[in-house]
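To keep things clear, I will list the structure first and then write my remarks on it.
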Amino acid sequence: MSNREVLLSIKGLRKYFAVGSGRMLRAVNGIDLDIYRGETLSLVGESGSGKSTLGKAIMGVYPPTEGSIHYAGQPFLVKRKQDRLAFSRRAQMIFQDPYASLNPRKTVAAIIGEGMDIHGLFRGRERLERICELLELVGLRREMASRYPHEFSGGQRQRIGIARALSLGPEFIVSDEPISALDVSIQAQIVNLLKSLQRELSLTHLFIAHDLNMVRYISDRVAVMYLGSIVELADSGDIYAEPLHPYTQGLLSAVPVMNPDNIRPAGQEYLKGEIPSPASDIPGCAFCSRCSRAMPVCETARPQPVEAAPGHTVACHLYAN
Ligand code: SF4
């Protein structure tokens with residue numbers, strides 16, 4: 001991966017929220033991450049791990065408390081309106097809830113065409129033709145342009161959300177749990193659509209999910225987040241074949257086993273307990289309270305990421321040099 005072009009580079013990113021009485025909720029707590037042009041990087045972890053906050057910070061929805069984001073080699077600025085507008089042509093977001101993210105009073109054409117109108121990109125017949133092309137691209141019919149969101153199923157609404165995200169021809173997409181509100185039978189269809197669009201349009205894709213099962217089929221690399229930090233990052237095949245961090249191993253234990261005898265690999269442990277509050281002040285490893293392999297050092301020192309194998313980093317004292 002090192003020879004590939006870095007599209008997005010994050011260094012020392014923190015995003016804290018004040019929660020009263022001088023306490024801070026550390027949603028993102030010191031992240032370094034490069035996203036390469038043309039890859040699908042999946043960000044996984046339980047609810048409360050900070051993955052959606054990281055996605056929104058990348059998109060400029062939340063200004064960072066600390067740290068930097070560079071996009072295509074340039075510092076990422078979201079303060080000025082013209083910067084946000086310019087960035088929205090290059091990067092778009094697909095949202096979790098296909099029911100809440102579409103305005104029920106607008107037709108599909110108005111929803112998909114809104115970005116084009118803001119940017120003054122297409123008008124009249126050309127605008128309508130572009131909308132119809134986008135509908136067909138996401139597997140819907142062009143005559144659906146005149147309908148309203150309530151006339152569609154959840155899966156179809158998510159397809160409309162995807163068409164809207166693609167309307168300005170972006171190069172980078174952040175999908176924030178795009179399948180978690182959908183029936184299991186529809187989830188695979190949406191994942192397959194996102195996968196084929198990523199290839200067809202040469203998109204760079206940050207896919208945020210808690211379901212490691214679906215992530216497997218869409219990702220080039222997987223980053224595992226726990227309580228605001230990335231604890232493991234590797235090529236997708238390596239994460240599934242040889243997960244190193246005890247948290248990743250626990251997450252994988254929740255994935256259904258696809259073998260006739262329902263036998264898990266030896267040593268695979270189930271994830272126990274709950275993720276601590278991001279407002280708690282933990283001096284050592286944030287996973288310590290749930291880890292069956294914790295050592296005394298884990299309670300006092302925060303583990304730093306080390307490269308355990310080429311392209312495979314893990315933040316755990318078991319792998320410290
Ligand atoms: Fe477990 Fe210690 Fe590794 Fe944390 S650093 S995951 S507590 S072994």
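Both counts, for ligands and for their atoms, begin at 1 and track the order of listing. These numbers come from a predicted model, not from an experiment. In this chain, numbering begins with 1 at the start of the sequence shown.
Take Phe17 and apply the ring pair (Phe, Tyr, Trp, His ring centres under 6.0 Å) test, not counting sequence neighbours, and it matches Tyr62. Residues meeting the salt bridge (charged side-chain N to carboxylate O under 4.0 Å, His left out) test with Arg37, sequence neighbours left out: Glu5, Glu171.
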Distance-only donor-acceptor hits, side chain of residues 296-304, under 3.5 Å, sequence neighbours excluded:
{"unit_1": "Thr300", "atom_1": "OG1", "unit_2": "Val297", "atom_2": "O", "d": "3.3"}
{"unit_1": "Arg302", "atom_1": "NH1", "unit_2": "Asn29", "atom_2": "O", "d": "3.4"}
{"unit_1": "Arg302", "atom_1": "NH2", "unit_2": "Asn29", "atom_2": "O", "d": "2.8"}
{"unit_1": "Arg302", "atom_1": "NH2", "unit_2": "Ser229", "atom_2": "OG", "d": "2.5"}
{"unit_1": "Gln304", "atom_1": "NE2", "unit_2": "Arg302", "atom_2": "O", "d": "3.3"}

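In this structure, Asp34 does not pair ionically with Arg4, as no charged nitrogen and carboxylate oxygen lie closer than 4.0 Å. We find that Arg221 and Glu39 are joined by a salt bridge, their nearest charged nitrogen and carboxylate oxygen being less than 4.0 Å apart.
Here atom 4 (Fe) of ligand 1 has protein N, O or S atoms under 2.8 Å from it, and they come to 1.
Proximity of Phe207 to Val174: side-chain heavy atoms (C-beta onward) are nowhere separated by under 4.5 Å.
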